[in-house]
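Computed from heavy atoms alone, side chains included, the values below leave out hydrogens, waters and symmetry copies.
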Amino acid sequence: MKIEHLQHPTTHQLDQLMTIWLSGNLTAHDFVSADYWRQQAPLVREAVQSAELIVGLTDGPEAYILGFIGLQNDYIAGIFICNDAQHQGLGTALLATAQADHHQLQLNVYVANRPAIAFYHYHGFRVIDQANDQATQQPSNQNIRCNGNVSFLN
């Protein structure tokens with residue numbers, strides 16, 4: 001597996017990213033209507049094209065995307081890993097690469113997404129506030145950690 005920055009994704013790469021994004025949201029956010037995620041897909045596909053993307057790829061000449069982190073400046077829009085590649089350190093590797101490139105990171109995480117909260121907590125992020133996500137009406141944690149390397153909204 002290799003980690004790379006992906007600039008100007010091809011249509012095929014966008015298809016891979018969006019498949020991973022939708023599957024990840026449907027699995028991790030089963031407390032939000034599946035229709036909501038499907039309706040968001042065209043907007044996300046557009047946003048992904050202008051986001052900073054760090055991807056985990058299989059090795060070899062026919063490499064395909066196993067997962068990615070999407071950033072908008074210092075905001076983590078999400079980390080998404082395909083099911084077969086989960087729990088193998090890819091999310092940690094993607095986050096570490098983003099941390100090396102950014103002095104401060106922020107993100108939001110749904111309160112009901114306990115595995116994500118545990119992941120970010122393990123990596124040093126802390127809850128500083130909670131509010132309802134306006135689009136889904138689900139409670140969302142805002143986390144931040146400032147140690148000179150990272151902070152984020154979870």
Side-chain angles (χ1 to χ4, degrees), residues 1-30 32 36-38 40-60 63-128 133 135-136 138 140-154:
M1 176 181 51
K2 57 188 172 185
I3 306 295
E4 294 182 356
H5 286 82
L6 177 62
Q7 296 178 348
H8 313 292
T10 65
T11 300
H12 178 67
Q13 290 169 326
L14 279 170
D15 291 344
Q16 290 178 60
L17 294 168
M18 292 307 299
T19 297
I20 295 167
W21 175 86
L22 182 58
S23 175
N25 276 304
L26 292 174
T27 301
H29 306 130
D30 60 353
V32 175
Y36 171 78
W37 299 115
R38 289 185 186 99
Q40 296 304 305
L43 298 171
V44 171
R45 186 179 183 99
E46 186 69 28
V48 161
Q49 295 178 61
S50 62
E52 176 185 349
L53 297 170
I54 304 169
V55 297
L57 301 163
T58 58
D59 292 318
Y64 64 91
I65 299 169
L66 295 170
F68 70 98
I69 183 170
L71 299 116
Q72 298 168 330
N73 299 313
D74 292 334
Y75 181 79
I76 298 173
I79 298 177
F80 301 94
I81 311 296
C82 58
N83 291 337
D84 294 343
Q86 290 185 359
H87 307 290
Q88 297 176 32
L90 179 54
T92 296
L94 293 169
L95 183 58
T97 302
Q99 288 175 323
D101 294 343
H102 295 266
H103 176 70
Q104 183 174 4
L105 293 172
Q106 303 176 350
L107 67 97
N108 294 306
V109 174
Y110 290 115
V111 171
N113 189 350
R114 305 307 283 163
I117 289 173
F119 173 81
Y120 290 113
H121 181 80
Y122 177 80
H123 291 286
F125 296 107
R126 300 294 178 258
V127 175
I128 60 163
D133 178 76
T136 63
Q138 290 290 319
S140 179
N141 284 338
Q142 178 183 33
N143 295 341
I144 194 162
R145 175 177 163 239
C146 235
N147 68 353
N149 293 327
V150 170
S151 65
F152 85 87
L153 308 175
N154 183 11

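In this view, Thr10 and Gln13 satisfy the side chain to side chain donor-acceptor pair (under 3.5 Å) rule, not counting sequence neighbours. Considering only residues two or more places apart in sequence or on other chains, Leu22 meets the side chain to side chain contact (heavy atoms under 4.5 Å, CB included) condition with Leu26, Trp37, Arg38. The side chain to side chain contact (heavy atoms under 4.5 Å, CB included) check on Ala98 picks up Ile54, Ile69, Leu71, Leu105, with sequence neighbours excluded. When the side chain to side chain contact (heavy atoms under 4.5 Å, CB included) test is applied to Asp30, no partner is found at least two apart in sequence or on another chain. Applying the side chain to side chain donor-acceptor pair (under 3.5 Å) test to His5 and every residue at least two apart in sequence or in another chain returns Asp101.
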Q: Carefully, step by step, assess Tyr75 and Asn108 under the rule side-chain hydrogen bond (donor to acceptor under 3.5 Å, both in side chains).
A: CA-CA 9 Å; Tyr75 181 79; Asn108 294 306; 3.2 Å; yes
Q.
The test is side-chain contact (heavy atoms from CB on, under 4.5 Å); show your working for Leu53 and Glu4 and say whether it passes.
A. CA-CA 8 Å; Leu53 297 170; Glu4 294 182 356; over 6 Å; no
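Side-chain contact between Asn113 and Ile117 is absent, with no heavy atoms from C-beta onward closer than 4.5 Å. Looking at Leu66 and Leu57, their side chains never come closer than 4.5 Å, going by heavy atoms from C-beta outward.
Side chains of His102 and Glu52: a donor-acceptor N/O pair is present below 3.5 angstrom, by distance only.
The backbone N or O of Ala47 sits less than 3.5 Å from a side-chain atom of Ser50, completing a donor-acceptor pair. Not a single donor-acceptor pair under 3.5 Å links the side chain of Glu46 to the backbone N or O of Pro42. Distance alone, capped at 3.5 Å, places no donor-acceptor pair between the Ser23 side chain and the Thr19 backbone.
Taking OG1 from Thr58 and NZ from Lys2, the interatomic distance works out to 7.5 Å, rounded to the nearest 0.5 Å. With rounding to the nearest 0.5 Å, the separation of CZ in Arg114 from NE2 in His121 is 10.5 Å.
Among Leu6, Ile3, Leu17, the one residue that satisfies the side-chain contact (heavy atoms from CB on, under 4.5 Å) test with Phe68 is Leu17.
The number of heavy-atom neighbours closer than 6.0 Å to OH of Tyr64, taken from other residues, nucleotides and ligands shown, is 12 or below.
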Show every donor-acceptor pair shorter than 3.5 Å between a side-chain atom in residues 76-96 and any protein atom, with sequence neighbours excluded, or say none if there are none.
from, atom 1, to, atom 2, distance (Å)
Gln86, NE2, Ile81, O, 3.1
Gln88, NE2, Asp84, O, 2.9
Thr92, OG1, His123, NE2, 3.2

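Pairing each heavy atom of Gln49 with each of Arg45, the nearest pair is NE2-O, 3.2 Å.
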